[in-house]
There are 4 protein chains.
Amino acid sequence: MHVNDFHQPELGLSVTEAARRAQIIGATIATIGEHGYAKTSFARIKERASLSSTRIISYHFTNKAGLMQQVLSAVTDLKSSFLTERTEGVVDPADRRGMLRAYIESEVAFLGAYPECVRVMLEMAAHADDTEGWSMAGIVVQQVRVGQLARQLTQGQREGVFGEFAPDVMAMSVSQAVDGVAAQLAADPKLDLETYGRQLADIFERAAAA
Amino acid sequence: MHVNDFHQPELGLSVTEAARRAQIIGATIATIGEHGYAKTSFARIKERASLSSTRIISYHFTNKAGLMQQVLSAVTDLKSSFLTERTEGVVDPADRRGMLRAYIESEVAFLGAYPECVRVMLEMAAHADDTEGWSMAGIVVQQVRVGQLARQLTQGQREGVFGEFAPDVMAMSVSQAVDGVAAQLAADPKLDLETYGRQLADIFERAAAA
Amino acid sequence: MHVNDFHQPELGLSVTEAARRAQIIGATIATIGEHGYAKTSFARIKERASLSSTRIISYHFTNKAGLMQQVLSAVTDLKSSFLTERTEGVVDPADRRGMLRAYIESEVAFLGAYPECVRVMLEMAAHADDTEGWSMAGIVVQQVRVGQLARQLTQGQREGVFGEFAPDVMAMSVSQAVDGVAAQLAADPKLDLETYGRQLADIFERAAAA
Amino acid sequence: MHVNDFHQPELGLSVTEAARRAQIIGATIATIGEHGYAKTSFARIKERASLSSTRIISYHFTNKAGLMQQVLSAVTDLKSSFLTERTEGVVDPADRRGMLRAYIESEVAFLGAYPECVRVMLEMAAHADDTEGWSMAGIVVQQVRVGQLARQLTQGQREGVFGEFAPDVMAMSVSQAVDGVAAQLAADPKLDLETYGRQLADIFERAAAA
DNA sequence: TATGAATGAGAGTTCATTCAT
DNA sequence: AATGAATGAACTCTCATTCAT
């Protein structure tokens with residue numbers, strides 16, 4: 001799956017509902033990625049998608065909230081399919097240490113693969129309260145992931161693989177550290193993410209070690 | 001020094017330049033704290049400060065950017081004086097482990113003492129590119145702090161107090177984890193910050209240990 | 001073609017894009033004509049065009065600059081078509097003396113026919129630097145005309161029809177004299193333009209004579 | 001007399017009423033000269049004169065109109081003294097042809113000597129109706145001069161020195177041509193004014209010749 | 001499936017001026 | 001001779017949305 005799945009249809013042709021929506025969503029992602037959420041207006045999206053008027057956006061989506069909601073799910077879906085594709089079958093779910101490392105490294109890898117989407121998620125989380133009417137259901141997915149990580153950690157402690165620490169605090173720290181890489185990457189796009197991911201995993205492996 | 005130093009003078013009275021500015025800055029902080037940066041307009045600030053018109057804000061500050069700049073320094077100053085007051089003389093600078101713990105715990109303590117200010121700093125960092133023309137000098141101060149932490153860690157490694165890890169990655173993780181607490185606190189204001197701070201320090205102490 | 005091509009549609013009716021634009025442009029011309037450029041605000045235009053709000057102006061034109069640009073071309077077009085209509089075929093282009101006279105008299109005639117438009121051109125030239133972003137392409141058209149006149153004069157000199165003088169200085173003087181008539185007319189609307197034009201042509205004919 | 005008679009007193013020192021007024025008037029002239037009348041606000045004048053607040057301008061002048069009035073007389077006085085100084089005793093008032101040439105050449109010379117002042121006069125004439133309440137008494141002076149020229153021309157015709165033409169039309173043309181040089185000079189500051197003035201005088205001399 | 005036309009609300013900013021002292 | 005503080009009015013422009021067809 002590629003982010004470029006959201007893109008311009010042949011110009012002038014009438015397009016199916018679905019394609020138009022995808023096109024607009026794609027343009028919105030690109031716009032947020034470049035200018036940030038706050039400067040992402042219908043007008044700007046219109047330009048990026050080469051639409052004749054903003055009216056067509058209002059037509060396909062009930063609301064700005066509605067559009068954003070869909071943008072969020074698109075990005076979230078992309079991420080979760082990326083992660084399952086990358087993790088599934090690779091690591092033994094019973095291997096707690098391996099799961100921790102896999103969590104960190106795959107998150108960092110996603111960052112490298114779709115920095116634009118990461119920016120979008122961060123921006124949307126930061127502006128969650130902008131318009132009333134769009135729940136952060138997508139963001140919640142993230143929190144679920146953090147919750148899962150916490151549970152894995154707790155389990156690992158019971159099994160004696162991990163030492164003593166507050167599992168939820170550790171999970172939060174891991175999650176935050178990963179988010180921090182995004183900022184780092186934005187500042188320096190040439191950052192070596194593989195190394196960075198490994199070093200991050202090293203750190204938290206030692207922190208969690210028995 | 002308290003955040004409440006910024007407050008309403010008697011209504012209708014003419015007030016000194018400095019007092020007015022402080023009042024407006026205080027109202028701005030409160031407004032950002034409650035509604036977020038994006039919804040912080042002159043109109044809203046006016047209401048909170050019980051001013052007769054927004055015009056008076058434009059009178060005392062060259063710009064919206066100018067106002068925000070000053071808000072940022074106010075908050076930054078408050079934080080740095082809080083931290084020095086709390087850390088100075090308490091910990092031996094040569095005690096690397098102690099410094100790491102002190103860093104984390106004092107940051108978390110600040111969070112508990114001035115949650116509003118933390119919100120402001122986060123919001124402003126997120127909207128740094130909103131209006132061109134206001135440098136994020138204040139935010140840079142933060143980055144300086146992270147840099148100092150990284151140097152402390154490196155030094156500790158040379159002295160054999162700390163183990164092997166990438167100091168800058170560790171420093172970033174610590175900083176991010178601390179920021180994460182802010183979100184945590186916003187979600188659950190009854191969060192026991194002292195415990196949380198200790199647990200966080202524990203985690204990173206183990207991660208850094210020789 | 002008449003300036004009154006720009007005018008009010010029935011009130012309250014929805015109108016085509018083109019008609020609205022023409023209406024707004026017309027109202028703008030009238031407003032500049034009456035109050036001058038500096039006092040021509042969207043609000044005043046709105047009133048003259050009987051619009052419900054100034055918002056509709058921003059809707060149809062990207063900018064104030066954009067509107068003014070279009071006003072300028074409207075007026076310029078009007079003038080150039082007036083002039084060609086009046087000069088074309090009437091004077092033999094090889095008759096240099098006749099061309100000089102035709103230039104002066106037709107310019108003065110335009111002044112009489114569309115004093116409002118002349119005011120607009122003068123005002124806009126005077127405020128060319130008001131808002132950055134609108135090139136004075138229309139004004140340049142004027143300069144082109146002066147350039148053409150200069151060339152005609154030079155040619156006439158070569159042919160021995162005209163005497164010795166600096167052609168560009170002469171052309172500038174002619175052009176300026178014509179502009180001066182506008183002010184004269186504004187001060188005394190009953191001024192006999194035909195006579196005035198003839199006298200002006202007489203003067204420059206003698207000045208240019210061999 | 002120099003335009004720089006209007007200028008900054010020693011900073012910080014209390015200054016006499018007259019000096020302050022001159023300083024402000026000088027700053028206003030400079031500001032109009034550089035930015036044009038429309039962009040000449042109290043704020044801009046304040047900056048150029050290095051005043052602490054615009055309030056001081058309101059203090060020394062009843063009005064914006066009042067200030068402009070005085071600016072106008074300052075400039076007008078400067079010009080008329082320049083002209084008398086240059087013309088007086090040089091040309092025999094009975095020498096009509098000489099007077100015509102002197103008129104043109106001295107006006108052009110003034111232009112070269114004080115381009116800033118010329119800009120001011122042109123700008124002010126163009127915005128004569130900006131603020132109600134300031135008569136263009138100064139501009140009228142100009143018109144008086146044109147009137148005098150017209151009378152000289154008429155007299156010259158009676159004496160047989162000049163040919164047949166409408167004296168007021170000729171006078172207006174001369175006056176306008178001279179103003180045109182200002183624009184020319186603004187476009188190309190290296191323009192050779194002496195030559196230009198002579199050529200202009202040549203043209204009108206021929207136009208007026210018997 | 002898509003448009004054309006319009007809209008109300010609100011934004012920040014600049015302006016010359018005035019009431020005090 | 002000068003200031004500090006404040007002000008009301010007007011400005012252009014952007015926003016997401018809606019009524020028609």
Side-chain angles (χ1 to χ4, degrees), chain A residues 13-21 39-46 51-67 131, chain B residues 12-21 39-45 51-67 131, chain C residues 12-21 39-45 51-67 131, chain D residues 13-21 39-46 51-67 131:
Chain A
L13 256 73
S14 185
V15 180
T16 70
E17 169 86 22
R20 260 281 188 260
R21 291 168 81 98
K39 290 192 175 174
T40 296
S41 64
F42 278 20
R44 239 184 265 263
I45 296 171
K46 175 202 94 180
L51 303 174
S52 58
S53 110
T54 68
R55 183 62 187 74
I56 196 170
I57 304 175
S58 296
Y59 178 69
H60 286 284
F61 300 87
T62 53
N63 242 345
K64 193 190 186 185
L67 169 59
T131 311
Chain B
L13 252 74
S14 188
V15 180
T16 69
E17 169 87 24
R20 257 290 183 254
R21 290 169 82 97
K39 291 193 173 172
T40 296
S41 64
F42 277 18
R44 240 185 263 264
I45 297 170
L51 304 172
S52 57
S53 100
T54 69
R55 181 60 187 73
I56 197 171
I57 304 175
S58 296
Y59 174 70
H60 286 283
F61 299 87
T62 53
N63 243 350
K64 195 188 187 188
L67 169 59
T131 310
Chain C
L13 252 74
S14 187
V15 181
T16 68
E17 168 87 23
R20 258 289 184 254
R21 290 169 81 97
K39 291 193 174 173
T40 296
S41 64
F42 278 18
R44 240 184 264 264
I45 297 170
L51 304 173
S52 57
S53 99
T54 67
R55 180 60 186 74
I56 197 169
I57 304 174
S58 295
Y59 175 69
H60 285 284
F61 299 87
T62 53
N63 243 348
K64 196 187 186 185
L67 168 59
T131 311
Chain D
L13 257 73
S14 186
V15 181
T16 70
E17 169 86 24
R20 258 280 187 263
R21 291 170 80 100
K39 290 191 173 173
T40 297
S41 64
F42 277 21
R44 239 185 263 267
I45 297 170
K46 174 202 95 181
L51 304 173
S52 58
S53 111
T54 68
R55 183 61 186 75
I56 196 169
I57 303 175
S58 296
Y59 177 70
H60 285 283
F61 301 88
T62 54
N63 241 349
K64 194 190 188 186
L67 169 59
T131 311

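Letters A, B, ... are given to chains in the order of the sequence lines, protein chains preceding strands, and every chain is numbered from 1.
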When rounded to whole Å, the NZ to P distance for the pair C:K39 and E:dC15 reads 17 Å

query: F:dT14 base to C:R55 side chain: any donor-acceptor pair below 3.5 Å?
result: yes

Looking only at F:dT14, E:dC15, F:dG8, the nucleotide nearest the C:S58 side chain is F:dT14

Rounded to whole Å, the CD1-C1' distance (D:I56 to F:dA1) equals 8 Å

Note to self: Whether D:N63 contacts E:dA16 is assessed here as follows: a side-chain N or O lying under 4.0 Å from the phosphate OP1 or OP2. Is that the case?
What the structure shows: no

ask   = Are the side chain of B:R20 and the backbone of B:H60 linked by a donor-acceptor contact shorter than 3.5 Å?
value = no

Check: Side-chain contact, heavy-atom cut-off 4.5 Å: C:I45 with C:L67?
Finding: yes

- Query: Within the pair C:H60 and E:dG4, is there a side-chain N or O less than 4.0 Å away from OP1 or OP2?
  - Reply: no

When rounded to whole Å, the NZ to C1' distance for the pair D:K64 and E:dT14 reads 11 Å

Rounded to whole Å, CZ of C:F42 lies from P of E:dG10 at a distance of 21 Å

Checklist entry - Within the structure, does a side-chain N or O atom of C:S52 lie under 4.0 Å from either OP1 or OP2 of E:dT7? => result yes

Checking F:dC13, F:dC11, F:dA16 against the side chain of C:S41 (C-beta onward), the nearest is F:dC11

Regarding the side chain of B:T16, the nearest nucleotide among F:dA5, F:dT17, E:dA16 is F:dA5

Pairing string of DNA chain E (Watson-Crick or G-U wobble, both atom distances under 3.5 Å; | = paired to other strand) is .||||||||||||||||||||

Quick note, C:Y59 side chain, CB onward, closest among E:dA5, F:dT18, F:dA6 is E:dA5

request  = Could you tell me whether the side chain of D:Y59 reaches within less than 4.5 Å of the side chain of D:R55, counting heavy atoms only?
outcome  = yes

A:I57 CD1 to F:dT17 C1', in whole Å, measures 12 Å

